[in-house]
Structure formats: C-alpha cells, structure tokens
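Keep in mind that this is a model prediction, so the values were computed, not measured. Below, all heavy atoms of this structure are taken into account, side chains as well, without hydrogens, waters or symmetry copies.
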Amino acid sequence: MFTQPGDGAQGRYDAHVQHLYQAHTGVGPGGAVPCQVCGSLPAVHAVLRAHQGMFLIMRSRKREGFFCRSCGTSLQRQMTTDTLWQGWWGVMSFFITPVTVLLNLGPRARFRRLAEPYGGWRPPLDPGRRVLARPPALLILTPMTVLALVLGYGITAAALDDGSVASVRAGDCVRNLSTWPDQDLQPVDCASHLAEYRAARLEDCEGDEYLMRLEYAADAEALCLKLLGSG
C-alpha cells in the first residue's frame with residue numbers, strides 16, 4: 001500500500017523524498033508503479049491506440065504503460081480525437097477507425113475510476129476538453145451525423161414503401177402513369193373515367209396493342225393492353 005504525504009514540513013519532506021525515489025527507480029512507495037508521464041500515484045496500466053489512414057497506406061500507433069487519471073485521460077482524448085479526423089481516409093482504415101475508437105473506451109473507464117493524482121515529479125497533463133467538444137472531432141462528426149440522418153430517412157422510406165407493383169389479371173383495367181414505352185401501371189375500376197386500357201390474353205390481342213411487362217401480371221401470364229373503346 002502507498003500513502004499520500006501529509007501536510008506541513010514533514011509532509012513536504014516526505015513528498016520530496018518520494019519524488020526523488022520515484023524519479024530514480026520508477027517505483028512508488030510499497031512497490032506501486034507511478035504514472036510514466038508525471039510520476040504521480042495512483043496509476044493503472046493501459047494501452048492507448050490511434051489510427052491514421054492515408055488512402056493507399058495507413059499507420060497505427062500504440063502507447064502502453066502506467067498512467068494516472070489526468071495523464072491517461074489527456075492521452076486518451078488526444079489519440080481518440082486524432083483518430084476521428086485522421087483515421088477514415090482509406091478503404092481498410094474506414095473499418096479500422098471505429099474499432100480503434102472503441103478500444104480506447106476501456107482505458108478511459110479505468111482512468112475514471114482512479115483517485116486524483118498526487119506525488120509526481122512534474123504536474124500531470126491537462127485532460128483538456130472532452131473528445132466530442134473538440135473542433136477536429138466536430139469537423140468529422142458533423143458530416144457523419146448528416147449522413148446517418150440521410151441514411152436513416154432512406155431506410156425508413158424504403159420500409160414504408162414495400163415496392164409492390166400492380167397485380168393485373170386478364171379483364172382488369174389500368175392506366176399508365178408514365179409515358180410509353182415506359183410503364184407505371186395502376187389498376188382502376190373499368191367504369192372509371194381514369195381507365196385507359198384493359199388487360200387481355202395474347203390470343204385475344206390483334207397485334208397492335210402494347211405488351212404489358214410481366215412484373216405487373218398477377219399470375220406471371222403474358223398479357224397485352226387493349227385501348228378501351230378499341231374493341
């Protein structure tokens with residue numbers, strides 16, 4: 001177990017001795033390993049990662065060691081921020097980047113469980129602003145958010161539109177919402193003023209009618225479209 005130096009002259013002396021001991025040995029009181037950046041205690045082992053995509057090539061970075069709450073949080077935020085705006089620029093990097101960001105969440109949680117650092121030979125690093133509050137992260141997250149909204153809208157629209165087409169049988173009447181030779185057929189009541197054509201079997205066709213596209217046939221039966229009033 002290690003203890004935090006107390007106040008007063010004796011506490012300052014103990015802190016001075018602790019600083020010298022940690023600076024020369026890399027080990028804190030009781031064998032505890034201090035932060036490798038500032039020498040503070042407590043510290044925890046962690047592996048921090050960053051990724052950079054450069055279209056045809058890519059580079060991954062890793063920093064492993066013992067870090068206190070402040071230094072570890074600072075490094076995690078900086079490396080994650082760098083990854084968020086540098087990591088996407090490549091085919092493989094596009095998939096590696098989110099994995100790298102997720103892997104950094106583990107060390108982030110461990111740093112947050114640590115007490116405030118003390119006893120280092122230099123001040124701990126400033127954790128700085130949260131990742132999502134930094135301009136580089138906002139720069140890449142804004143278009144990603146817009147893209148996600150667009151994709152979400154498209155998926156929702158596709159789900160609402162089942163893509164079904166008219167189901168037409170011989171004797172049914174339809175109208176064409178497109179311009180021939182394109183077909184966008186809509187079944188209508190034969191008594192309606194909107195009705196334009198009546199579907200008929202090929203043997204009942206005279207040869208000058210339009211052939212209906214097979215995707216509209218209810219029974220996959222080839223039909224023609226006879227202009228109403230032509231016979």
Side-chain angles (χ1 to χ4, degrees), residues 1-54 58-90 93-145:
M1 284 291 292
F2 54 85
T3 57
Q4 185 171 353
D7 298 326
Q10 183 61 42
R12 289 193 295 272
Y13 174 78
D14 292 342
H16 177 68
V17 172
Q18 177 177 310
H19 294 170
L20 291 176
Y21 180 78
Q22 292 175 196
H24 285 284
T25 66
V27 179
V33 180
C35 174
Q36 68 178 37
V37 178
C38 69
S40 296
L41 293 169
V44 66
H45 179 267
V47 179
L48 298 167
R49 293 176 170 84
H51 183 77
Q52 182 179 14
M54 295 173 280
M58 59 185 177
R59 182 181 68 171
S60 292
R61 295 186 291 120
K62 181 176 75 171
R63 182 158 184 176
E64 182 176 3
F66 282 80
F67 306 100
C68 67
R69 179 188 179 108
S70 297
C71 293
T73 300
S74 177
L75 292 171
Q76 182 267 330
R77 289 177 175 177
Q78 185 59 53
M79 296 179 76
T80 300
T81 301
D82 292 343
T83 300
L84 279 176
W85 74 275
Q86 296 177 352
W88 305 97
W89 316 114
S93 295
F94 187 83
F95 299 97
I96 295 174
T97 292
V99 175
T100 301
V101 173
L102 290 175
L103 288 175
N104 280 344
L105 294 179
R108 173 178 175 269
R110 291 198 293 275
F111 297 145
R112 296 182 67 178
R113 289 194 292 266
L114 292 175
E116 289 296 327
Y118 72 90
W121 53 73
R122 52 156 289 178
L125 298 177
D126 181 5
R129 303 170 71 180
R130 295 182 300 106
V131 171
L132 297 183
R134 300 187 179 201
L138 292 175
L139 181 68
I140 191 66
L141 288 177
T142 298
M144 288 179 62
T145 301

Atom [atom1] of [X]: over 12 foreign heavy atoms under 6.0 Å:
X	atom1	value
Trp85	CH2	no
Arg122	CZ	yes
Arg110	CZ	yes

Side chain to side chain contact (heavy atoms under 4.5 Å, CB included) with Cys71: which of Pro123, Cys35, Pro127, Pro117? Cys35
Using the rule side chain to side chain contact (heavy atoms under 4.5 Å, CB included), only one of Leu103, Thr100, Val131 pairs with Thr83; which is it? Thr100
Taking atom [atom1] of [X] and atom [atom2] of [Y], what is their separation to the nearest 0.5 Å?
X	Y	atom1	atom2	result
Arg130	Thr73	CZ	OG1	13.0 Å
Gln36	Cys68	CD	SG	10.5 Å
Gln76	Arg112	CD	CZ	10.0 Å
Gln78	Leu48	CD	CG	11.5 Å
Gln52	Thr97	CD	OG1	10.0 Å

So do [Y] and [X] actually touch side chain to side chain, heavy atoms under 4.5 Å?
X	Y	result
Asp82	Arg61	yes
Leu75	Val37	yes
Ser70	Leu125	no
Arg108	Arg77	no
Met54	Trp89	no

Give a yes or no on whether the backbone of Ser60 and the side-chain of Arg49 come within a donor-acceptor separation of less than 3.5 Å. no
Show the nearest heavy-atom pair for residues [X] and [Y], with the distance to one decimal.
X	Y	result
Ser40	Pro124	OG-CG, 4.0 Å
Ala46	Phe111	CB-CZ, 3.6 Å
Asn104	Pro107	O-CD, 3.5 Å
Ala43	Val33	CB-O, 3.5 Å

State whether a side-chain donor-acceptor pair under 3.5 Å links Gln86 with His51. no
